[in-house]
**Q** 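One structure follows; several queries about it will come next.
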Amino acid sequence: YAALTRRVACPDGVNTATNAACCQLFAVREDLQQNLFHGGLCTAEAHESLRLTFHDGIAISPALQSQGQFGGGGADGSISIFPDIETGFHPNIGLDEIVALQQPLFERHNLSHADFLHFAGAIAASNCAGAPQLVAYVGRKDATQPAPDGLVPEPFHTPDQIFDRLADASQGEFDPILTVWLLTAHTVAAANDVDPTESGLPFDSTPELWDTQFFLETQLRGTAFPGSGGNQGEVESPLAGEMRLQSDHTIARDSRTACEWQSFVDNQPKAQAMFQFVFNVLTTLGQDQNDLVNCTEVVPIPAPPQGHTHFPAGLTIADIEQAPQASPGIDLKRQVLGVQLSERLVRNVVS
Ligand code: HEB
Ligand code: CA
């Protein structure tokens with residue numbers, strides 16, 4: 001169908017786009033890659049930019065709203081518009097840095113704060129080999145007030161607390177299974193502030209690769225803390241230098257999610273398609289889809305996956321901590337649904 005698609009010439013004289021509104025994103029992409037992501041790398045700034053999309057998007061609560069309180073605007077850029085307020089919230093610890101680093105780039109372009117923040121997240125992920133191409137939109141409305149505190153999950157929250165919060169934010173769309181899909185992001189992640197004595201402690205042995213090591217390594221029996229012990233939200237990890245969040249540990253073992261968690265191991269297509277789907281939902285929460293122009297064509301197609309899923313040196317299947325069985329019937333249903341939805345998403349992008 002490509003031949004039938006009418007393209008417009010962009011004012012930059014170089015690029016073409018399916019919609020003129022997407023033209024400005026080429027320069028934003030270039031600026032991000034050169035001046036924030038070190039020429040297109042999957043390093044700390046990319047990780048933090050992806051994390052930022054979650055902390056912006058998830059801050060919306062129909063439940064609060066129905067009690068007559070402001071419930072936050074979701075993917076509305078509020079964390080970057082009101083940084084002094086929102087980066088002071090406890091779960092947003094450390095995000096002040098990436099918000100400050102993004103600000104001068106934001107000022108050089110003409111996007112809404114919300115579009116800039118979520119576009120930066122999509123470009124960030126594209127720098128990680130094996131990642132899916134994530135959706136990009138222009139047309140989001142910016143926040144006019146900060147989100148209230150208490151809407152971003154903490155690593156010391158129970159699965160029930162996390163499942164309830166994600167379901168509230170998404171009007172039921174993010175159920176426990178989709179929560180697992182969202183946590184694929186922790187394959188390119190590290191913690192700087194959970195352990196005050198150490199920073200840059202990754203959640204898997206390959207924080208620069210979008211692979212499924214995270215889903216394998218979180219199932220291994222924890223044996224030690226990488227730095228100081230006794231930190232809120234941290235449990236023992238199986239590898240020196242690796243951090244394990246309590247929330248990742250418990251969701252990997254919860255009877256509602258253990259099967260789904262295990263199903264990601266060595267399933268690279270799933271780690272791509274499912275996250276592609278939930279990122280689309282996450283980064284449009286609180287926005288009207290009809291206002292948005294899909295500009296995913298501007299997001300680079302990430303490098304193919306590198307390496308293959310493996311037990312870290314010295315560890316074997318005997319080091320897996322057996323989780324209770326879940327109900328595979330439900331998982332399978334959601335899995336099929338997710339693939340269909342994400343294929344539709346891809347088709348929309350291509351056609
Ligand atoms: Fe995440 C990181 C938690 C979800 C993405 N995390 C992180 C951390 C924590 C968390 C604690 C660390 C921080 C520091 O620095 O210290 N998460 C969490 C929780 C949850 C989550 C609790 C719920 C369950 N995430 C999530 C999602 C996403 C994410 C959904 C997507 C988007 N994260 C992330 C990233 C990171 C993180 C990317 C990394 C960052 C860096 O590296 O820096
Ligand atoms: Ca990884």
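Starting from 1, each residue takes its place in the sequence as its number. Ligands are counted one by one from 1 in listed order, and the atoms in each one are counted from 1 as well.
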**Q** The Ca ion (ligand 2) as vertex, arms to OG1 of Thr206 and O of Leu209: angle to 10°?
**A**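 With the Ca ion (ligand 2) as the vertex, OG1 (Thr206) and O (Leu209) sit 110° apart.
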**Q** When you measure from atom 42 (O) of ligand 1 to each heavy atom in Cys128, Ala44, Ala191, Ala190, which option holds the nearest one?
**A**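 Answer by nearest heavy atom: Ala190.
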**Q** Should you measure from each heavy atom of Leu183, which atoms of ligand 1 turn up under 4.0 Å away?
**A** 4 (C), 21 (C), 24 (C)
**Q** Quick one: closest heavy-atom pair of Phe26 and Cys10, and the distance?
**A** CE1-SG, 4.1 Å
**Q** Same cluster or not: are Leu183 and Val188 linked, directly or through other Ile, Leu, Val, Met, Phe, Trp or Tyr residues, by side-chain heavy atoms under 4.5 angstrom apart?
**A**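 Per the 4.5 Å side-chain linkage, Leu183 and Val188 are co-clustered.
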**Q** Which one of Pro196, Pro153, Ala185, Gly121 has a non-hydrogen atom at the shortest distance from atom 31 (C) of ligand 1?
**A** Ala185
**Q** How does Phe279 reach ligand 1, if at all, at less than 4.0 Å between non-hydrogen atoms: by side chain, backbone, both, or neither?
**A** neither
**Q** Would you say Asp211 reaches the Ca ion (ligand 2) with an N/O/S atom under 3.0 Å?
**A**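 Checking the Ca ion (ligand 2) against Asp211, an N, O or S atom does fall under 3.0 Å.
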**Q** Taking heavy atoms and a distance under 4.0 Å, where does Val194 meet ligand 1: side chain, backbone, both or neither?
**A**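 Val194 to ligand 1: contacts from backbone and side chain alike.
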**Q** Linking I/L/V/M/F/W/Y whenever any side-chain heavy atoms sit under 4.5 Å apart, do Ile79 and Leu64 land together?
**A** no
**Q** Report yes if Phe275 has an N/O atom closer than 3.5 Å to an N/O atom of ligand 1; otherwise report no.
**A**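 In this structure, Phe275 places no N or O atom under 3.5 Å from an N or O of ligand 1.
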**Q** Give me the nearest non-hydrogen protein atom to atom 24 (C) of ligand 1 as residue plus atom name, then the distance to 0.1 Å.
**A**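 Protein heavy atom at minimum distance: Ile162 CG2, 3.7 Å.
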**Q** Check each heavy atom of Ile58 against ligand 1 and say whether those closer than 4.0 Å belong to the side chain, the backbone, both or neither.
**A**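 Neither part.
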**Q** For atom 38 (C) of ligand 1, which protein heavy atom lies nearest, and how many Å away is it?
**A**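 Of every protein heavy atom, His47 O, 3.2 Å lies nearest to atom 38 (C) of ligand 1.
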**Q** Do the side-chain N and O atoms of Thr283 and Thr53 include a donor-acceptor pair separated by under 3.5 angstrom?
**A**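 No - no donor-acceptor pair under 3.5 Å links their side chains.
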**Q** Do you see a donor-acceptor pair shorter than 3.5 Å between the side chains of Glu208 and Asn127?
**A**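 Judged by distance alone, the side chains do not pair up.
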**Q** Any nitrogen or oxygen of Asp193, side chain or backbone, less than 3.5 Å from one on ligand 1?
**A** yes
**Q** Check ligand 1 against Glu154 and write out every atom of the ligand that is under 4.0 Å from a heavy-atom position of the residue.
**A** 22 (C)
**Q** Of all the N, O or S atoms in Asp204, which has the shortest distance to the Ca ion (ligand 2)?
**A**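 Going through the N, O and S atoms of Asp204 one by one, OD2 ends up nearest to the Ca ion (ligand 2).
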**Q** Note the single closest protein heavy atom to atom 4 (C) of ligand 1, along with its residue, its atom name and the distance in Å.
**A**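 That would be Phe54 CE2, 3.3 Å.
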**Q** Considering non-hydrogen atoms only, spot the tightest contact between Gln287 and Asp76 and give its length.
**A** NE2-CA, 3.8 Å
**Q** Out of Gln161, His55, His186, whose heavy atom is nearest to atom 6 (N) of ligand 1?
**A** His186
**Q** Where the side chain of Thr87 meets the backbone of Asp84, is there a donor-acceptor pair that is under 3.5 Å apart?
**A**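 No; judged by distance alone, with no hydrogens or angles, the pair does not exist.
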**Q** Taking atom types as modelled, find out whether Thr212 and Asp266 have a side-chain donor-acceptor pair closer than 3.5 angstrom.
**A**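 No pair is found: no donor N or O on one side chain lies under 3.5 Å from an acceptor on the other.
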**Q** What protein heavy atom lies closest to atom 35 (C) of ligand 1? Include the residue and the distance to one decimal.
**A**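 The closest heavy atom on the protein side is Arg51 CB, 3.6 Å.
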**Q** Within the 3.5 Å criterion, strictly below it, is a donor on Gln24 or His109 matched to an acceptor on the partner's side chain?
**A** no
**Q** Tell me which protein heavy atom sits closest to atom 43 (O) of ligand 1, plus the residue, atom name and distance to 0.1 Å.
**A**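 The answer is Glu48 OE2, 2.6 Å.
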**Q** What protein heavy atom is closest to atom 15 (O) of ligand 1, reported as residue, atom name and distance in Å?
**A** Asn192 N, 2.8 Å
**Q** Would you mind listing which atoms of ligand 1 come within a distance below 4.0 Å of any non-hydrogen atom of Ser247?
**A**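 Per the distance check, 22 (C).
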**Q** Please evaluate residues Phe106 and His113 with respect to the criterion ring pair (Phe, Tyr, Trp, His ring centres under 6.0 Å), reporting the C-alpha separation (whole Å), side-chain torsions for both, the decisive distance (0.1 Å), and the verdict.
**A** CA-CA 7 Å; Phe106 162 78; His113 256 293; 3.6 Å; yes
**Q** Could you measure the distance from the OG1 atom of Thr144 to the CZ atom of Phe82? Nearest 0.5 Å is fine.
**A**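 These two atoms lie 6.5 Å from each other.
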**Q** Can a donor-acceptor pair be found between the side chains of Asp56 and His118 at a distance below 3.5 Å?
**A**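 There is such a pair between these side chains.
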**Q** Below 4.0 Å, non-hydrogen atoms only: which portion of Leu166 touches ligand 1? Side chain, backbone, both or neither.
**A** neither
**Q** Using ring pair (Phe, Tyr, Trp, His ring centres under 6.0 Å) as the criterion, point out the one residue from Phe264, Phe275, Trp261 that pairs with Phe214.
**A** Trp261
**Q** Would you please say whether a donor-acceptor pair under 3.5 Å links the side chains of Arg244 and Ser237?
**A**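 The answer is no; no qualifying pair exists.
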**Q** Check whether any heavy atom of Gly94 sits under 4.0 Å from an atom of ligand 1.
**A**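 Checking ligand 1 against Gly94, which is what was asked, there is no heavy-atom contact under 4.0 Å.
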**Q** For Gln145 and Ser78: C-alpha separation, side-chain torsions, deciding distance, then whether side chain to side chain donor-acceptor pair (under 3.5 Å) applies.
**A** CA-CA 7 Å; Gln145 51 181 320; Ser78 60; over 6 Å; no
**Q** Strictly under 4.0 Å, does any heavy atom of Pro155 approach an atom of ligand 1?
**A** yes
**Q** Let me check your reading of the structure: within less than 3.0 Å of the Ca ion (ligand 2), is there an N/O/S atom from Thr187?
**A** yes
**Q** Who's the nearest protein heavy-atom neighbour of atom 3 (C) of ligand 1, and how far?
**A**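 Of every protein heavy atom, Leu245 CD1, 3.6 Å lies nearest to atom 3 (C) of ligand 1.
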**Q** Among all protein heavy atoms, pick the one closest to atom 36 (C) of ligand 1 and tell me residue, atom and distance.
**A** Ala189 CB, 3.4 Å
